[in-house]
There are 2 protein chains.
Amino acid sequence: MTQSISVRQQPAISKASCQHCSLSNLCLPLALDNSEMSRLDEVVNRDRIFNRGEQVFGQSTPFRSCFAVKSGAIKTSMITESGDEQITGFFMPGELVGLDSMSDDHHASTAKALERTSVCEIPVDQLEQLVHVLPGLQHHMFHLMSQEIRNSHQLSVLLSKNTAEERIAALLLSLSSRFRRRKLSPTHFNLPMARNDIANFLGLAVETVSRVFTRFQNQGLIRARGRDIELLDLEALQVMAQGTSQP
Amino acid sequence: MTQSISVRQQPAISKASCQHCSLSNLCLPLALDNSEMSRLDEVVNRDRIFNRGEQVFGQSTPFRSCFAVKSGAIKTSMITESGDEQITGFFMPGELVGLDSMSDDHHASTAKALERTSVCEIPVDQLEQLVHVLPGLQHHMFHLMSQEIRNSHQLSVLLSKNTAEERIAALLLSLSSRFRRRKLSPTHFNLPMARNDIANFLGLAVETVSRVFTRFQNQGLIRARGRDIELLDLEALQVMAQGTSQP
DNA sequence: CGCAACTTTGAGGGCACTCAATGTTGGTGG
DNA sequence: CCACCAACATTGAGTGCCCTCAAAGTTGCG
């Protein structure tokens, strides 16, 4: 019954390649054939591990690489001049972190591991060269960056138009669909982040998040014990997430 | 003079090229030398004009082109499923619209002209081919898209952390710096958008925007007569914009 | 001149925040 | 094994910023 995070869970992927990675259908290799993938393999710096709370990169530090999450989870955040943090995104396995930094030689945000996390480091100068040679990769990079813009716009909508309940429902559904993508249960999973992070990300106070969770639970929408979450009524959550600004 | 003079004659740039465009130091040509620029010229569809309120492209319509603003101004917005609009950005001359749509074959947002606006249309399939041939352009495209992500994150910060006054100060300063980039007065300009649009963009009610404008005016920070705006105290606005969450 | 769109100003209420305190969890060392 | 602490989470009471509702004032255009 070791509920603790199992350390021994690393499959034999120390000699791993993109071709054998279980995330190849989500990550960059998605756009590549086998021979192209081996080109990518050559530049990827694998097996970088970060413990919970450790920083993958920091705001204003030199920008050299993007990072693909292999296991665990990462949050990115911006520190405002007045000193407080705003989380701009959560990144799960198969997702690429650092795309907001490609417009400068220093990072636009800070990335921290939410739990023990392994990543693939992809040096940008080599990535750009590779992109130049592989049209499929170019297209995919545009795709990813565009999606990042879209996600961020979606977040803006959430922040400016929706109530606390709607925001939290939307976040739960977003996580759900990302677990589904990975062939994991979309209705029963562990939150990688603390209530505090959820609150920060959604522009709410921690107390509000807590209250909404219990309210959802009383309504039979979810079952929550700490970070262990079960979505009991996806439809109701979807209805709630898209808001009800009826005329 | 046998030839009748058309009233709607454009200045002598009907045969215009990027090389002679006054915005070449802001727009895509920024990254290109002369010979490369002529390659770009070949694919650009110039002189598309939109009147105030006209739609440049619509959400869920097929995605074929990006648009560079030549004169005028454009707003992009997303329509939520519950029917209300969220403006995601304002685009001024020299800026590129539509980058959030490159992850799909339909547009992620709607773009409308805020005033009479001329744009250069850039078909994406040809753009992607060109990018593949011109490494400088590739780098620049990454730069632009990354910046778009960053802008959007900045907006999220604004929406979730700042008060109405702070948000409006930040918007005024953003506009100011963009006018400065174009060698126009950074302290005296015409707002391209209505109060309504400002409110929507910043996640506020129109009434709140109006109240803050008059408050700023009473404090001597700005002078506003309709859309005619003069920034009287840039420093004070900057202090206000970065919020005051002192510990 | 008159309508439509836009802007400003006022009054009152609500959602989420702040402040405050208690409950819970997980890791550490006795 | 259990006590203990720090971090995290929940719950309650009261307040404030901004929204909603309502109406008057202003601008622009046919």
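Lettering follows sequence order; numbering is per chain, from 1.
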Item to complete: Using whole Å, report how far NZ of Lys161(B) lies from P of dC17(C).
Response: 10 Å
Practice prompt. For Met193(A) and dA7(D), give me the distance from atom CE to atom C1', rounded to whole Å.
Written response: 18 Å
Discussion item. Could you tell me if the side chain of Met145(A) sits less than 4.5 Å from the side chain of Glu148(B), heavy atoms only?
Written reply: no
Worksheet item: Between Phe189(B) and Phe179(B), how do the two ring planes meet: parallel, tilted or perpendicular, split at 30° and 60°?
Response: parallel
Practice prompt. Count the heavy atoms of every other residue, nucleotide or ligand shown that sit under 6.0 Å from NZ of Lys112(A), and state whether that count exceeds 12.
Written response: no
Worksheet item: More than 12 foreign heavy atoms under 6.0 Å from CZ of Arg52(A): is that the case here?
Response: no
Worksheet item: Would a 4.5 Å heavy-atom cut-off, applied to side chains only, mark Ser82(B) and Gln242(A) as touching?
Response: no
Worksheet item: Expressed in angstrom and rounded to an integer, what is the separation of Glu115(B) atom CD from dG28(D) atom P?
Response: 14 Å
Worksheet item: Are any non-hydrogen side-chain atoms of Met78(B) and Gln154(A) less than 4.5 angstrom apart?
Response: yes
Discussion item. If I take atom CG in residue Asn162(B) and atom C1' in nucleotide dG16(D), what distance separates them, rounded to the nearest angstrom?
Written reply: 17 Å
Worksheet item: Rounded to the nearest Å, what distance is computed from the CD1 atom of residue Ile229(A) to the P atom of nucleotide dA9(D)?
Response: 10 Å
Worksheet item: Heavy-atom contacts under 4.0 Å between residues 210-227 of chain B and DNA chain C, which residues?
Response: Ser210(B), Arg211(B), Thr214(B)
Worksheet item: Rounded to whole angstroms, how far apart are CG on Leu159(B) and C1' on dC17(C)?
Response: 17 Å
Discussion item. Looking only at the side chain of Arg195(B) (C-beta and beyond, no hydrogens), which of the listed nucleotides dT7(C), dC8(D), dA16(C) gets closest?
Written reply: dT7(C)
Fill in: Electrostatic pair Lys75(B)-Asp197(B), nearest N-O below 4.0 angstrom
yes
Worksheet item: Over how many whole Å does the gap from Asp228(B) atom CG to dT27(D) atom C1' extend?
Response: 14 Å
Practice prompt. Would you verify whether the NZ or CZ of Arg195(B) falls within 45 degrees of the ring axis of Phe213(B) while also being under 6.0 Å from that six-membered ring's centre?
Written response: yes
Discussion item. Tell me whether the rings of His107(A) and Phe57(A) are parallel (<30°), tilted (30 to 60°) or perpendicular (>60°).
Written reply: parallel
Worksheet, complete the sentence: So, with a heavy-atom separation below 4.0 Å from DNA chain C, the residues of residues 202-209 of chain A are Gly203(A), Leu204(A), Ala205(A), Glu207(A), Thr208(A)
Worksheet item: How many Å lie between CZ on Arg52(B) and C1' on dG30(D), as a whole number?
Response: 15 Å
